[in-house]
Amino acid sequence: MSASPNTADVLIFDLDGTLIDSAHDIAAAVNEYLASKGWPEQDPAFVEGFIGNGPRRLLLDLLLAVGLPHDDATVDEAVPTYIANYERSPARHTRFYAHVKEDLHRLREAGFRLGLCTNKPHALTLKVLDLLGIAPLFEAVVGADAAPACKPDPAHLLAVCERMGAPPASVAYVGDTAVDQATAAAAGISFHVVPWGGGSLLKVDEAFRLDRLADLMALKPAAARRTA
Ligand SMILES: O=C(O)COP(=O)(O)O
C-alpha cells in the first residue's frame with residue numbers, strides 16, 4: 001500500500017521526463033550511433049517514447065521498433081557507443097521543464113530533503129546535474145548502475161531512501177512514466193506525476209497529479225509541521 005499523500009519529509013525525483021527534457025541530446029547520441037552503422041536517423045519525438053528504462057532497453061526497444069538488427073551482440077556494441085556519444089555532449093539541448101529549477105529551490109528552502117533516482121547511468125547523471133547547476137540540491141543521487149537493481153525494481157528507489165536515512169513512509173517519489181509508478185508502488189512509496197514527459201499518459205488518482213513541482217509544498221515537511 002502507498003503512503004498517504006498528506007505529508008512527506010523527503011522528495012525523490014526521477015530525472016529524464018520529470019526534471020529535464022533531455023530527448024534531443026539522447027536522440028543526438030542515438031542518431032550518431034545509427035549513422036555510424038549506416039542506419040536511418042530517428043526523430044527526437046519518436047526516440048523520447050523509449051526513454052525511462054536505461055540505455056540498453058532504449059537501444060533494444062528502438063532497434064526492434066524500427067526493424068533493425070537487435071540481437072545481443074548488436075546491442076552489446078551499441079550501448080557503450082551510445083553512452084560515449086552522450087558523454088561528449090550531455091546537456092547541449094537539455095532544458096528544464098517549466099519552473100523546475102526555481103521550484104526545487106523553493107522546496108529545499110521549505111525544509112524538504114531532496115534525492116534523485118534515475119535509470120540514466122550514474123556518471124552521466126552527475127555530469128548533467130552539474131552542468132545544469134542543480135547538483136548541490138540533492139542529498140543522494142543514484143543512477144541505474146549505482147543501484148543493486150534498477151527501476152522498476154524497488155531496490156533502486158529504496159537505495160536512495162537508505163542513503164538518506166529516510167523511512168519509505170516519509171518519502172514521496174515524483175516521476176513521469178509507468179516505470180516510475182511501478183517502482184514506487186513496489187517500494188510502498190507514494191507517487192506523484194508531473195504533467196510533462198510521459199506524465200499526461202499515466203493513470204493516477206487526481207490528488208497525485210501535479211501542475212508544477214511547487215504543488216509538492218502541500219506535503220509539508222516535518223520542520224514546517226512543527227512550527228505550524
Ligand atoms: O532511461 C534513462 O536513461 C533515464 O530515465 P529516467 O531518468 O526517466 O529514469
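The figures here come from the full heavy-atom set of this structure, side chains too, leaving out hydrogens, waters and symmetry mates. Whatever order the structure lists ligands and atoms in, that order sets their numbers, starting from 1. Just so it is clear, the structure is predicted and the values come from calculations on it, not from any experiment. Counting from 1, the numbers follow the sequence of the chain as shown.
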Student: With a sphere of 6.0 Å drawn around NE2 of His122, does it hold more than 12 non-hydrogen atoms of other residues, nucleotides or ligands?
Tutor: yes
Student: Consider salt bridge (charged side-chain N to carboxylate O under 4.0 Å, His left out). Of Asp145, Asp61, Asp76, which one does Arg56 pass it with?
Tutor: Asp76
Student: Could you pull out every N or O of ligand 1 that sits under 3.5 Å from a protein N or O, with the distance for each pair?
Tutor:
residue: ligand 1; atom: 1 (O); partner: Gly52; partner atom: N; Å: 2.8
residue: ligand 1; atom: 1 (O); partner: Asn53; partner atom: N; Å: 3.3
residue: ligand 1; atom: 1 (O); partner: Gly54; partner atom: N; Å: 2.8
residue: ligand 1; atom: 7 (O); partner: Asp14; partner atom: OD1; Å: 3.0
residue: ligand 1; atom: 7 (O); partner: Asp16; partner atom: N; Å: 2.9
residue: ligand 1; atom: 7 (O); partner: Asp16; partner atom: OD1; Å: 2.8
residue: ligand 1; atom: 7 (O); partner: Thr118; partner atom: OG1; Å: 2.6
residue: ligand 1; atom: 8 (O); partner: Asp14; partner atom: OD1; Å: 2.7
residue: ligand 1; atom: 8 (O); partner: Asp14; partner atom: OD2; Å: 3.2
residue: ligand 1; atom: 8 (O); partner: Asp16; partner atom: O; Å: 3.1
residue: ligand 1; atom: 9 (O); partner: Asp14; partner atom: OD1; Å: 2.9
residue: ligand 1; atom: 9 (O); partner: Asn119; partner atom: N; Å: 2.8
residue: ligand 1; atom: 9 (O); partner: Lys151; partner atom: NZ; Å: 2.8

Student: Set out, in order, the CA-CA distance, both residues' side-chain angles and the distance that settles side-chain contact (heavy atoms from CB on, under 4.5 Å) for Tyr173 and Asp180, then state yes or no.
Tutor: CA-CA 8 Å; Tyr173 187 47; Asp180 301 325; 3.6 Å; yes
Student: For Lys151, is there an ion pair with Asp14 - N to carboxylate O distance below 4.0 angstrom?
Tutor: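 Result for this pair is yes, salt bridge flagged.
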Student: Would Glu32 and Arg88 pass as an ion pair if we require N to O under 4.0 Å?
Tutor: yes
Student: Does the distance from a Lys or Arg side-chain N to an Asp or Glu carboxylate O, for Arg106 and Glu109, drop under 4.0 Å?
Tutor: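 No salt bridge links Arg106 with Glu109.
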